[in-house]
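These notes are about the structure you will find just below.
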Amino acid sequence: MPELTQEPGGGRAARRPFQVVEVTGPSMVPTLYHGDWLLVRYGAPVRPGDVVILRHPFQQDLLVVKRAAERRGNGWWVLGDNAYAGGDSTDYGAVPEELVLARVRARYRPLKPDQRTVSGVLGWVFSAVRPVASDRSVSRRLRAR
């Protein structure tokens, strides 16, 4: 279940603090959708509620995007915003700190083919690029479980 694909030439994250990645999969809906592009910052400090890029704990070659819900021991408890998609800490536990690579700063939603009307393009203009902010509602979701 791939979550992200890197931009061509994306293996150079150590030299570039910012990188663009593409989202695949439904685990972060409604915050992020399949096909969204993310501007991420490698090495940025992570706070509870931040959307982060991490290496999957069991498949280290797989990058995933999740929300850092809370710090537990030497790692992060991460959750997808779509509770029905799975593939988060409820499946594999806390993610070690060294596997959390980057923090998502902004998302860009490409123009879809059905948005070619004037109203579609205007709607896209106002929603295409947005910062991805920390969402504190995740902590309420944890307490409800």
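Small disclaimer: the values here were computed from a predicted structure and weren't measured.
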Quiz prompt | Contact summary for R109 and P30, nearest pair of heavy atoms | solution = NH2-O, 3.7 Å
Exercise. Measure across P110 and W37 and return the closest heavy-atom pair with its distance rounded to 0.1 Å.
Key: CG-CD1, 3.7 Å
Quiz item: Less than 4.0 Å between a side-chain N and a carboxylate O, is that true for R71 and E97?
Solution: yes
Self-check item: Side-chain (D36) to main-chain (L32) donor-acceptor, under 3.5 angstrom
Solution: no
Exercise. Please check if the side chain of H34 supplies one atom and the backbone of P26 the other of a donor-acceptor pair under 3.5 Å.
Key: no
Quiz item: Looking at side-chain heavy atoms only, is the closest gap between V132 and V51 below 4.5 Å?
Solution: yes
Self-check item: Any L99 side-chain heavy atom under 4.5 Å of Q60 side chain
Solution: yes
Practice problem: Looking only at non-hydrogen atoms, find the nearest pair between R107 and T31 and report the distance. | Solution: NE-O, 4.2 Å
Self-check item: Side chains of L39 and F18 in contact at under 4.5 Å (non-hydrogen atoms)
Solution: yes
Quiz item: Looking only at atom types and distance, does a side-chain atom of S89 sit under 3.5 Å from a main-chain N or O of V78, one as donor and one as acceptor?
Solution: yes
Self-check item: Non-hydrogen side-chain atoms of V46 and W76 separated by less than 4.5 Å
Solution: yes
Quiz item: Crowded around N74 CG? As in, over 12 foreign heavy atoms under 6.0 Å?
Solution: no
Practice problem: Flag the pair D50 and R67 as a salt bridge only when some basic side-chain nitrogen lies within less than 4.0 angstrom of an acidic carboxylate oxygen. | Solution: no
Quiz item: Got a donor-acceptor contact below 3.5 angstrom from the R105 side chain to the R41 backbone?
Solution: no
Exercise. Taking all heavy atoms of A69 and all of L79, pick out the closest pair and write down the distance.
Key: CB-CD1, 4.1 Å
Self-check item: Hphob cluster co-occupancy, V52 + V29, side-chain heavy atoms under 4.5 angstrom
Solution: no
Exercise. Begin with the C-alpha distance, continue with both residues' side-chain angles, and end with the deciding distance and a verdict on side-chain contact (heavy atoms from CB on, under 4.5 Å) for Y42 and R103.
Key: CA-CA 7 Å; Y42 283 84; R103 191 167 105 197; over 6 Å; no
Practice problem: Could you tell me whether Y84 atom OH has more than 12 heavy atoms of other residues or ligands within 6.0 Å of it? | Solution: no
Self-check item: V104 vs I53 side-chain heavy atoms within contact, under 4.5 Å
Solution: yes
Exercise. Supply the atom-to-atom distance L63 CG to H56 NE2, rounded to the nearest 0.5 angstrom.
Key: 11.5 Å
Quiz item: In terms of hydrophobic clusters joined by side-chain contacts under 4.5 Å, are L62 and V95 together?
Solution: yes
Quiz prompt | Short side-chain to backbone donor-acceptor contact, Y108 and L38, under 3.5 Å | solution = no
Exercise. Report yes or no: does K66 contribute a side-chain atom to a donor-acceptor pair with the main-chain N or O of D81 at less than 3.5 Å?
Key: no
Exercise. Establish, from distance only, whether the side-chain atoms of S27 and N82 form a donor-acceptor pair under 3.5 Å.
Key: no
